[in-house]
Amino acid sequence: MSIGEYIVSALRCLSAGKMRTFLTTLGIIVGISSVILINTIGGSIGKTIGSSIGALVQGNIMDILIVDKDAKTDSLSSVMMLDIPDGVKFNQDSVKEYEEMMTDYLEEIAYNFIGAGNLNSEDSKNTPASICVMSESIQKMQIASLEEGRYFTEEDYSSSVPAIIIESRAAEKMFGNASAIGKQITLSESGTQFDGREFTIVGVATSQQGMDMNTGMIIDEDSPTTAYITLSYFRANTLQTERENIGFLEYGINEDADIDEVRKLTEEFFAPYFEDTDYKVFVYLLTDQLDQINGIIGIITKVIAAIAAISLLVGGIGVMNIMLVSVSERTMEIGVRKAMGADNKSIRMQFIIESIVISLIGSVLGIVVGLIEAKGLALILSGLSGNPDMPVVVDLSVPVPAIIVSVIFSFAIGLVFGVYPANKAAQMEVVDALRYE
């Protein structure tokens with residue numbers, strides 16, 4: 001018999017007991033669908049994070065920080081907690097030279113922490129604040145949602161007006177329940193470029209929660225708030241050249257720039273400035289954080305998928321059990337075939353192929369069920385997500401390797417768990433088989 005004839009014979013035998021065949025494949029269906037579901041949801045979570053961040057960022061964000069040479073640099077927050085002495089902070093001339101060298105790579109200064117000062121209202125109420133420079137293309141990513149007013153406009157950037165956005169916590173401390181929009185405040189910090197400069201409040205942002213990325217400190221009611229001024233005002237008023245040494249830089253990278261090359265050039269440029277110190281430059285990009293998140297999701301997905309795959313072994317035992325029953329029920333048929341000249345190899349092949357066919361049917365049904373489950377769960381999560389800035393990505397593009405591995409694994413189950421019943425059938429004596437009742 002040819003392989004095709006064996007397959008047709010196997011399908012005929014399996015169709016004779018549809019319910020038994022279905023129950024036999026149920027363990028495989030559950031195992032395969034679980035693996036497909038977990039891989040699909042894992043991929044969907046990764047794409048949700050990637051699309052949500054990508055929707056807010058044009059290009060990529062690069063932070064350049066000074067860290068201890070022995071410091072752990074696996075995350076931005078761990079680096080921001082480090083206390084770096086003033087003597088090893090970035091030098092104004094080196095920063096200017098770096099920006100000139102990187103003209104073709106950098107989009108603009110994205111978000112630059114330039115110091116800590118006080119926000120002062122007309123009645124002398126004041127609140128501590130971290131003062132940050134904001135560029136047009138990055139502001140909606142860096143500034144939390146607004147509770148009142150507006151973001152900086154193109155006119156604010158083109159005319160370099162003294163506009164400022166403050167956080168709601170600062171607005172409440174200075175103005176109580178009154179609207180802060182349009183009010184005049186001054187920035188003050190004795191002996192620095194901030195002292196006495198007046199700004200008009202155009203927006204009130206939602207106060208930050210958790211950890212302040214500028215200081216690495218946990219934010220509470222007594223923590224300094226954050227205030228934002230425009231990059232154009234910052235440059236027009238020569239504040240950049242008057243800055244004292246700063247602790248870190250942050251830039252937007254052009255979309256066409258090679259990120260790896262930007263990282264390499266940055267590290268090589270600043271390395272000589274810290275050669276004789278215990279510190280070094282650490283370059284951190286938004287894609288690093290995204291890669292870390294996707295890596296963690298990938299590991300968790302693989303571990304859970306491996307646990308789910310254990311049910312495939314249970315399904316394989318079920319296949320072997322039903323094949324043993326089938327051999328017992330068809331003992332007379334085996335005897336007749338052997339009496340008519342069928343050899344052991346032919347009998348063995350018949351039952352192995354039947355076992356493989358059962359497993360592959362379970363595999364196909366498992367893939368279909370897994371995709372349906374993933375689609376349903378993703379739609380439910382999408383409906384439950386009330387945040388338009390963080391939409392759940394409903395994507396059925398299951399990784400091809402997951403399907404290939406599922407099919408191969410099912411084939412292997414059919415082969416491995418079908419060998420013993422097939423050998424038992426092939427080794428029957430003709431006389432014993434014909435006398436079996």
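- Here the closest heavy-atom approach between residue G318 and residue T24 is recorded as O-CG2, 3.9 Å.
- Counting only heavy atoms from C-beta outward, the side chains of T266 and M62 approach each other to under 4.5 Å.
- Rounding to the nearest 0.5 angstrom, the gap separating the NZ atom in K173 from the OG1 atom in T127 is 4.0 Å.
- Here the closest non-hydrogen pair linking I166 and A227 is CG2-CB, 4.4 Å.
- At least one side-chain heavy atom of I367 sits less than 4.5 Å from a side-chain heavy atom of I32.
- Less than 6.0 angstrom separates the ring centroid of F269 from the ring centroid of Y98.
- A donor and an acceptor atom, one from each side chain of E148 and S179, are located under 3.5 Å apart.
- Within 6.0 Å of CD on E154 lie no more than 12 heavy atoms contributed by other residues, nucleotides or ligands.
- In this structure, the separation between OG1 on T277 and CG on D68 is 9.0 Å, given to the nearest 0.5 Å.
- Listed by chain and number, the residues in a side chain to side chain contact (heavy atoms under 4.5 Å, CB included) with V325 are R20, E329 (sequence neighbours excluded).
- The two atoms that bring S207 and R169 nearest to each other are OG-N, 2.9 Å, heavy atoms only.
- Distance check, rounded to the nearest 0.5 Å: CG of L65 to CZ of F282 gives 7.0 Å.
- Counting only heavy atoms from C-beta outward, the side chains of L415 and I352 approach each other to under 4.5 Å.
- The line from CZ of F417 to CD1 of I322 is 15.0 Å long, rounded to the nearest 0.5 Å.
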Tell me, with the steps shown, if V319 and I28 meet side chain to side chain contact (heavy atoms under 4.5 Å, CB included).
CA-CA 9 Å; V319 170; I28 296 175; 3.8 Å; yes
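- In terms of heavy atoms, M101 sits closest to L265 at CE-O, 4.3 Å.
- Remark: N344 pairs with K338 by the side-chain hydrogen bond (donor to acceptor under 3.5 Å, both in side chains) rule, at least two apart or across chains.
- Not a single salt bridge (Lys or Arg N to Asp or Glu O under 4.0 Å) links R348 to another residue, sequence neighbours left out.
- Annotation for Y420: atom OH does not count as buried by contact number, only 12 or fewer foreign heavy atoms lying within 6.0 Å.
- The two atoms that bring G414 and I356 nearest to each other are C-CG1, 3.8 Å, heavy atoms only.
- Without hydrogens or angle criteria, S355 side chain to F351 main chain gives no donor-acceptor distance under 3.5 Å.
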Starting from the C-alpha separation in whole Å, work towards a yes-or-no answer on side chain to side chain contact (heavy atoms under 4.5 Å, CB included) for C132 and I229.
CA-CA 6 Å; C132 297; I229 62 176; over 6 Å; no
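- Side-chain contact check for V204 versus I181: some heavy-atom pair is nearer than 4.5 Å.
- Scanning all heavy atoms of the two residues, the minimum distance from A257 to V262 falls at CB-CG2, 4.1 Å.
- Here F270 and F90 bring their ring centres to under 6.0 angstrom of each other.
- In this structure, S158 contributes its side chain and E155 its backbone to a donor-acceptor pair below 3.5 Å.
- Every residue was checked against the side chain to side chain contact (heavy atoms under 4.5 Å, CB included) condition with E172, not counting sequence neighbours, and none meets it.
- The shortest distance between side-chain heavy atoms of K424 and L324 falls below 4.5 Å.
- Side-chain contact check for I358 versus M323: some heavy-atom pair is nearer than 4.5 Å.
- Rounding to the nearest 0.5 Å places CD1 of I64 at 11.0 Å from CZ of R263.
- The number of heavy atoms from other shown groups lying within 6.0 Å of CE (M102) is above 12.
- Remark: I259 pairs with N60, L285, T287 by the side chain to side chain contact (heavy atoms under 4.5 Å, CB included) rule, at least two apart or across chains.
- A distance of 8.0 Å separates OG1 in T21 from CD in E354, rounded to the nearest 0.5 Å.
- Put simply, the side chain of S33 never gets that close to the backbone of V369: no donor and acceptor are under 3.5 Å apart.
- Under the side chain to side chain contact (heavy atoms under 4.5 Å, CB included) criterion, F152 pairs with M134, Q139, D156, Y157, A163, I165, V202, Y228, T230, sequence neighbours left out.
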